[in-house]
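Predicted, not measured: the structure shown is a model, and the values here were computed from it.
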Amino acid sequence: MTVDISYSATWGNLGLHLPARVFVEQELKMLVMAEELCFDAAWSPEHHFDANYAACPDNALALSYVAAKTSVIKLGLGAVILPWNDPVRVVEKLSMLDHASGGRLLIGFGRGLAKMEYAGFGLDMNDSRDQFNESIEMVLRGIRTGIVEGDGPHYRQARVEIHPAPDPALADRLYCVGMSPDSAVRAGELGATLLTFVTSPDEQMKPLIDAYRDTYLARHGRTAPPEILVDFALVHEDRNEAERLGRKYAGRYYESVVSHYNFDGTHFGTTRGYEAYADGAKAIRDAGLEAATDAYVAPQAAIGTPEQVLAKFRRRYEVLGRTNVMATFLYGAMPYEVAEQSIRLFADAVMPELRKMAAQSDESMADQLA
């Protein structure tokens, strides 16, 4: 199932600048539009309690709307945060959405990173890694067998049958969000496709990507599928305008990220499973928010003119090899009209060339393996 180029919603309503209904309508409209523009997949995250950052408490429900309005585009859950969801309900909802969409569902899982979301659910972040590991085994086994049961320390579940029965093949359409080395390695162990957000230059992303690829190969005896790297996009014919708008809206978004995740806080170093984020948090405190924002926006490959964007993706191929593209276009209180203009230009002027790049890379890899 090829997913070379994806669209992702962010579901941010910064400053509550839109009425709730208008906000939801705009996010859903963009997701549905992704099929018209020939994206391979439309993805939706799960987030709670903070509309400034992201407000999509049930991404399966959101994608059920998209499923009804589309016919061929794949639908990605990016991701279901397993420690916040009951394993039985996860399997039931995935099975229902997969059947309702005609088998178009891609399942992504994560463990969550925001202290405020864990606090809102009354959960201890220190348990997140153990909860994730226990839950994902129950969920994948439930998809493959139609039976969910568990007797672990976090999820004690009597044996139940899932109806409608899941398609076992759904378990092979598996993605895991990995923003830390531990999570990337875990994705490789599970045989999942890694989905990660671009937060630094490609050279600095490479160790995480390599750790995933090495683990995947060692565990499964085959090359890992191309990772999905998520970029923030602002495509404009005018170079200066692309830079100005990209910095403005991606910068706003990043500031909401820092606030939501308390990325400049000191708690990561003492929270089990999140120690890898402590150095990044210290770097933000030391540099200050404005400098950290500039450093975040700079490596986003999808900000620029079509020619600039393509040049950035070509360079990424040179540094990282074959990767897949996910871009988000509506964020940071951006007017809908600006986002639509940007995504349509991306689809017209960038996507065809990206597909050629991917095809050439695949052909080269096939020649090497022949």
Side-chain angles (χ1 to χ4, degrees), residues 5-48 50-59 61-63 65-66 69-70 73-79 108 195 197-199 228-237 241-257 259-260 293 296-297 300-306 309 325-351:
I5 305 175
S6 296
Y7 168 76
S8 178
T10 56
W11 290 98
N13 191 13
L14 187 63
L16 299 178
H17 69 289
L18 294 174
R21 183 162 300 172
V22 174
F23 155 66
V24 171
E25 288 173 348
Q26 287 190 358
E27 293 288 345
L28 292 174
K29 185 177 180 181
M30 290 287 285
L31 283 161
V32 172
M33 187 192 304
E35 176 169 278
E36 172 197 338
L37 299 179
C38 298
F39 283 81
D40 297 309
W43 295 73
S44 184
E46 174 192 351
H47 282 293
H48 305 264
D50 182 8
N52 281 318
Y53 173 64
C56 184
D58 190 336
N59 47 1
L61 184 59
L63 289 182
Y65 175 90
V66 181
K69 296 289 186 177
T70 59
I73 194 169
K74 300 173 185 70
L75 308 170
L77 294 165
L195 192 160
F197 288 79
V198 173
T199 58
I228 295 180
L229 272 63
V230 187
D231 288 273
F232 284 79
L234 196 298
V235 187
H236 198 284
E237 293 286 8
E241 193 68 354
E243 181 179 352
R244 182 184 73 83
L245 294 173
R247 175 58 176 82
K248 177 180 180 179
Y249 295 115
R252 284 182 184 172
Y253 174 80
Y254 179 70
E255 291 169 4
S256 77
V257 169
S259 175
H260 180 78
T293 301
Y296 178 84
V297 174
Q300 303 300 318
I303 293 177
T305 65
V309 170
V325 176
M326 184 185 294
T328 184
F329 291 83
L330 181 61
Y331 52 86
M334 181 188 298
Y336 181 85
E337 296 76 16
V338 174
E340 183 172 357
Q341 180 183 29
S342 174
I343 194 173
R344 289 190 180 278
L345 182 56
F346 179 88
D348 290 342
V350 177
M351 280 175 56

Closest heavy-atom pair and its distance - Met351, Cys38: CE-O, 3.3 Å
Rounded to the nearest 0.5 Å, the CG atom of Leu234 sits from the CE atom of Met334 at a distance of 5.0 Å
Classify the ring geometry of Phe329 against Phe39: parallel below 30°, tilted from 30° to 60°, perpendicular beyond 60°. perpendicular
List the atom of Asn52, the atom of Ser256, and the distance in Å for their closest heavy-atom pair. O-CB, 3.5 Å
Restricting to non-hydrogen atoms, name the atom on Ala233 and the atom on Tyr331 that form the minimum distance, rounded to 0.1 Å. O-OH, 2.8 Å
Provide the closest heavy-atom pair for Ser44 versus Trp11 in the form atom of the first, atom of the second, distance. OG-NE1, 2.9 Å
I'd like to know whether Thr293 forms a side chain to side chain contact (heavy atoms under 4.5 Å, CB included) with Arg247, so could you lay out the CA-CA distance, the side-chain angles of the two residues, the decisive distance to 0.1 Å, and finally the verdict. CA-CA 9 Å; Thr293 301; Arg247 175 58 176 82; 3.6 Å; yes
Any ion pair linking Arg344 and Glu36 (charged N to carboxylate O, less than 4.0 Å)? yes
Between Glu255 and Arg252, does at least one N-O distance fall below 4.0 Å, as a salt bridge requires? no
Has Gln26 got more than 12 heavy atoms of other residues, nucleotides or ligands less than 6.0 Å from its CD? yes
Do Tyr253 and Tyr53 make the cut of ring centroids closer than 6.0 angstrom? yes
Spacing of CH2 belonging to Trp43 relative to CG belonging to Leu195, to within rounding of 0.5 Å: 5.5 Å
Kindly give the heavy-atom pair with the smallest separation between Ala54 and His47, and that separation in Å. O-CB, 3.4 Å
What's the spacing between Thr328 OG1 and Ile343 CD1 if we round to 0.5 Å? 8.5 Å
Short side-chain to backbone donor-acceptor contact, Asp231 and Ala327, under 3.5 Å: no
What verdict does the side chain to side chain contact (heavy atoms under 4.5 Å, CB included) test give for Tyr336 and Leu18, after you've listed the backbone C-alpha separation in whole Å, the side-chain angles of each residue and the deciding distance to 0.1 Å? CA-CA 11 Å; Tyr336 181 85; Leu18 294 174; over 6 Å; no
With rounding to the nearest 0.5 Å, note down the distance linking CG in Leu31 to CG in Asn59. 10.5 Å
Any idea which heavy atoms bring Ile303 and Ala250 closest together, and the distance? CD1-CB, 4.2 Å
Approximate separation, where rounding is to 0.5 Å, of Leu330 CG and Lys29 NZ: 11.0 Å
Quick one: pull up CG in Asp50 and CG in Leu14 and give me the separation to the nearest 0.5 Å. 9.5 Å
Go through the steps to decide whether Val297 and Phe232 satisfy the test side chain to side chain contact (heavy atoms under 4.5 Å, CB included), and finish with yes or no. CA-CA 8 Å; Val297 174; Phe232 284 79; over 6 Å; no
